[in-house]
Amino acid sequence: MQRKMNKYTGWLLDMYPHPGRGVALWLLCDDGKRRCLQQEFPVTFYAAGKPHRLRDLWKFLACQPMRIDLAREERKDLFFGSVVVLSASLDAPALLPELFLKLANHFPDLTFYDADLHVALRHAARHGTFPLARCHVAVDEQGFIRDFDILSSKWEFDHEAPPLNILTMETDVDPIHDKPGRIHFRSKRNCITLDLAKAKSNLGLIDYLLNQDDPDLIITSCGDTWLLPLLLSLAEEQHRSLSFNRDPAAQIHYKKERSYFAYNQIIYRGQQFHLAGRLHLDINNTVMYHDYGVDGVFEMARVTSLPIQTAARVSPGTGVSAMQIVKALENEILVPLRKEQIERPKTASQLFREDMGGTVYDPIIGLHEDVAEVDFFSMYPSIMVKFNISPETVNTRSPTADLVADLENMTQEKESGLIPQTLAPLLEKRYKLKQQLTALSRMDCRYKTYKANAAAHKWLLVTCFGYLGYKNARFGRIEAHEAVTAYGREVLLRAKEAAEDLGFRVLHLYVDGMWVKKPGSKKPKDFAPLIEEVQRRTGLPIALDGVYKWVVFLPSRRRKRIAVPNRYFGVFQDGEIKTRGIETRRHDTPAFIRETQMQVLEILAKACDEEDAKKYLPEIRALIRAKQNELRCGRVPPEKLVVHQTVSRTLNKYRAPVPAFSALQQLESAGKTLRPGQTIRLIHTLGLPRAHAWDAPGDFDLRRVNLPRYRRMLDRALETILQPFIDDETFWLNGAKQLAYDLPPSSNWATPAPSLALQT
DNA sequence: TCCTCACGGGG
DNA sequence: GTGTACGTGAGGA
């Protein structure tokens with residue numbers, strides 16, 4: 001029987017389990033209509049374990065109210081090879097989470113696979129879908145998709161921009177710190193400002209706006225943490241609806257706030273509101289938004305296959321995990337559950353292993369001229385792909401047994417492993433993007449997008465390595481992690497040998513970078529033979545980061561003769577300044593100190609070498625005097641003295657009376673609680689308490705500013721960058737220190753003190 | 001001198 | 001839905 005089909009072409013906006021059966025897909029069609037389509041999408045999960053327990057499970061599942069297809073199958077586990085499993089398929093993906101929760105309780109002794117996967121990842125593996133993919137679908141009269149074609153690839157890098165209707169909702173001030181008075185709504189059609197005090201009576205207007213604009217994408221600042229909950233609760237009070245969702249049948253998906261430990265620090269993620277049929281991005285709750293913007297979020301979603309609203313709010317670790325899951329599903333490899341976090345003391349051997357991380361050399365302390373920095377392109381991911389390192393390919397007894405042979409032969413014999421297969425297209429895309437970027441003018445409209453995409457990839461690639469060694473990763477294995485670092489060390493050593501064989505002096509090695517110099521080598525082309533030779537000996541892509549006019553490797557502050565690997569600064573031949581590990585790079589350095597250090601660096605950047613720098617010293621001296629004076633006389637705007645710190649624990653967990661503690665206390669007593677991972681803003685004050693919370697209500701007496709402490713910070717920041725240029729230790733202190741400290745603090749701020757004393 | 005606390009990189 | 005490095009620097013007891 002021939003059925004009538006409607007055919008549509010458009011962009012895939014979003015996907016979620018349909019509350020009935022299958023999945024709901026939102027298509028932004030080329031005719032301008034937004035269509036919600038349904039598709040049959042049975043999902044299968046598996047269980048392995050003792051036969052009698054699998055029989056119990058079979059009986060249990062057979063009694064469930066929904067239809068579940070059961071079968072005995074043989075499938076592949078990445079770590080253990082073939083396993084016998086009970087497979088269970090259900091037509092309604094929406095019911096799986098709840099069902100699985102029950103199973104985990106009743107059958108804790110069974111091993112489940114493919115049971116806790118996002119439906120979008122399954123769909124990506126089965127149909128090749130990804131967010132914003134161009135699709136062609138045939139739909140029957142009931143609105144069910146019968147035929148599905150993907151017209152674009154996530155690995156292209158000129159993605160056609162989908163014609164999204166965007167609505168931005170912003171408040172006049174940042175709601176985290178202040179009380180907003182107004183909300184601005186802006187879209188192509190409308191530009192409206194609403195008085196928040198009257199929000200209650202304006203709910204009808206807001207609903208009208210949402211319906212009339214019918215945005216595909218709502219961009220808010222603090223929509224997750226403040227605006228949406230506020231508007232939704234107002235609406236609830238008045239028993240009226242707000243059309244945030246496009247799909248009236250679906251619920252707004254809410255996730256609660258949490259603090260967690262990752263990247264060796266506490267991270268705070270606010271509560272979330274995911275819409276159905278539209279996309280909501282809260283720019284304050286979007287990972288890396290300030291680094292890569294909407295373009296980067298889209299790219300993150302494309303390559304990970306995670307829905308856009310999810311991709312925006314997860315860490316790169318989850319993104320990497322998603323990519324691996326899709327690849328595993330494609331290869332019909334069972335996906336284990338996300339492992340529980342079990343606190344377990346480390347064994348001595350684990351500790352020993354972890355000490356053998358990346359290769360770090362002690363740099364040669366001091367200033368060096370005409371130095372080239374060459375960096376491996378995404379070294380660890382490149383190693384994983386090149387040497388096929390994956391949990392299932394690595395030799396577990398001796399992970400690096402093939403290291404030397406691999407490096408000699410540079411051949412690929414083994415079948416490519418799961419991790420290399422996942423990484424290879426991503427690496428290739430980023431490599432091409434980087435090549436394009438170097439050729440492209442900054443004015444080119446593609447530049448910004450490429451840059452954002454490359455930044456999104458960078459994060460995924462960096463995290464992928466760490467994930468191999470993470471004991472709770474689904475596809476992690478410590479031996480694979482070790483193999484990567486072992487290859488990394490060998491590769492870097494070979495690079496060093498190559499440099500020395502070509503007559504270069506190696507000044508520093510750091511994880512995936514090398515600093516070299518040779519008399520007579522000044523121009524980028526002078527280093528081309530080295531690049532070529534390193535590539536020949538390691539088989540890995542490497543590039544010249546640039547040639548420094550001069551670069552300074554800093555000694556440890558505690559032990560002046562010991563070098564530290566990651567504190568350095570320098571100026572490239574094009575005038576670009578690069579700094580690492582010094583005050584400008586730290587998030588807890590107040591703006592005044594950061595800006596001053598940067599200004600001095602900008603003066604130094606004009607010098608072409610150490611000798612030349614001397615003629616800029618008077619200019620620097622004058623700048624420092626001016627800055628010291630500004631500070632002493634209270635002319636530094638207090639907001640430039642504000643220190644931003646990450647709160648690492650709750651108030652009662654602090655053992656030392658540090659400034660953050662005092663500031664937290666003040667906020668607490670004002671009724672504002674900060675969760676671990678959130679940022680606190682404070683000003684150092686004299687006496688006790690040691691700090692004033694910048695966001696505490698009430699006026700702050702500017703005379704309480706701890707000027708000596710800021711002065712110390714200033715002096716230190718200047719010393720960091722000036723020490724190689726100045727023999728005379730009194731240069732930047734020069735009596736001014738004494739004078740500043742002699743002034744009674746109460747005489748500052750209000751009336752600028754005469755600065756006569758500082759004039760020489 | 002020891003303890004506590006926060007940060008880094010990447011672009 | 002998450003990488004429990006590790007070394008440095010700073011402040012305070």
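Keep in mind that what you see is a predicted model, and the values were worked out from it rather than measured. Chain naming here is simple, since letters A, B, ... match the order of the sequence lines and numbering starts at 1 in each.
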Would you classify A/Y292 as touching base, sugar-phosphate or nothing, given that sugar-phosphate means primed atoms plus P, OP1 and OP2, and contacts are heavy atoms under 4.0 Å? nothing
Donor on one side chain, acceptor on other, A/Y548 and A/Q573, under 3.5 Å: no
Rounded off to whole Å, could you give me the CD1-to-C1' distance for the A/I582 and C/dG9 pair? 14 Å
Kindly say if A/R557 contacts the phosphate of C/dA10, meaning a side-chain N or O under 4.0 Å from OP1 or OP2. yes
Sugar-phosphate, base or nothing in reach of A/R690, heavy atoms under 4.0 Å: sugar-phosphate
CE of A/M323 to CG of A/L306: how many Å apart, nearest 0.5 Å? 10.0 Å
Does a side-chain N or O of A/R559 approach OP1 or OP2 of C/dT8 to a distance below 4.0 Å, or not? yes
Between P of C/dG11 and CG of A/D588, the distance in whole Å: 11 Å
What is the separation between atom CZ on A/R711 and atom P on C/dG11, rounded to the nearest whole Å? 14 Å
Test salt bridge (Lys or Arg N to Asp or Glu O under 4.0 Å) on A/E583 and A/R594 and set out the steps. CA-CA 7 Å; A/E583 288 81 353; A/R594 193 174 57 239; over 6 Å; no
Check whether more than 12 heavy atoms from other residues, nucleotides or ligands sit under 6.0 Å from atom NZ of A/K256, and answer yes or no. no
Distance check needed: C/dG9 P versus A/E719 CD, whole Å only. 11 Å
Could you tell me the separation between the CG atom of A/N453 and the CZ atom of A/R430, rounded to the nearest 0.5 Å? 11.0 Å
With rounding to the nearest 0.5 Å, note down the distance linking NZ in A/K434 to CZ in A/F377. 7.5 Å
Considering only the P atoms, how many Å lie between B/dG9 and C/dG9, rounded to the nearest integer? 14 Å
Look at the rings of A/F79 and A/F475 and say which category their plane angle falls in: under 30° parallel, 30 to 60° tilted, over 60° perpendicular. parallel
Counted 5' to 3', the first and last nucleotides of DNA chain B within 4.0 Å (strictly under) of a heavy-atom of chain A are B/dT4 to B/dG11
May I ask you to say whether A/K578 pairs ionically with A/D545, meaning some side-chain N is under 4.0 Å from a carboxylate O? yes
What nucleic acid atoms does A/R585 come within less than 4.0 Å of, heavy atoms only: base, sugar-phosphate, or nothing? base
Strand-adjacent residues in residues 561-578 of chain A, judged by heavy atoms under 4.0 Å from DNA chain C: A/V564, A/R567
Counting any heavy atom closer than 4.0 Å, what does A/H587 reach on the DNA or RNA strands: base, sugar-phosphate only, or nothing? sugar-phosphate
For the residue pair A/I389 and A/P420, what are the closest heavy atoms and their distance? O-CD, 3.5 Å
Hey, which of these two, A/V647 or A/K451, hits DNA chain B nearer its 5' end, going by closest nucleotide? A/V647
Give a yes/no on whether any side-chain N or O of A/S556 is located under 4.0 angstrom from OP1 or OP2 of C/dG7. no
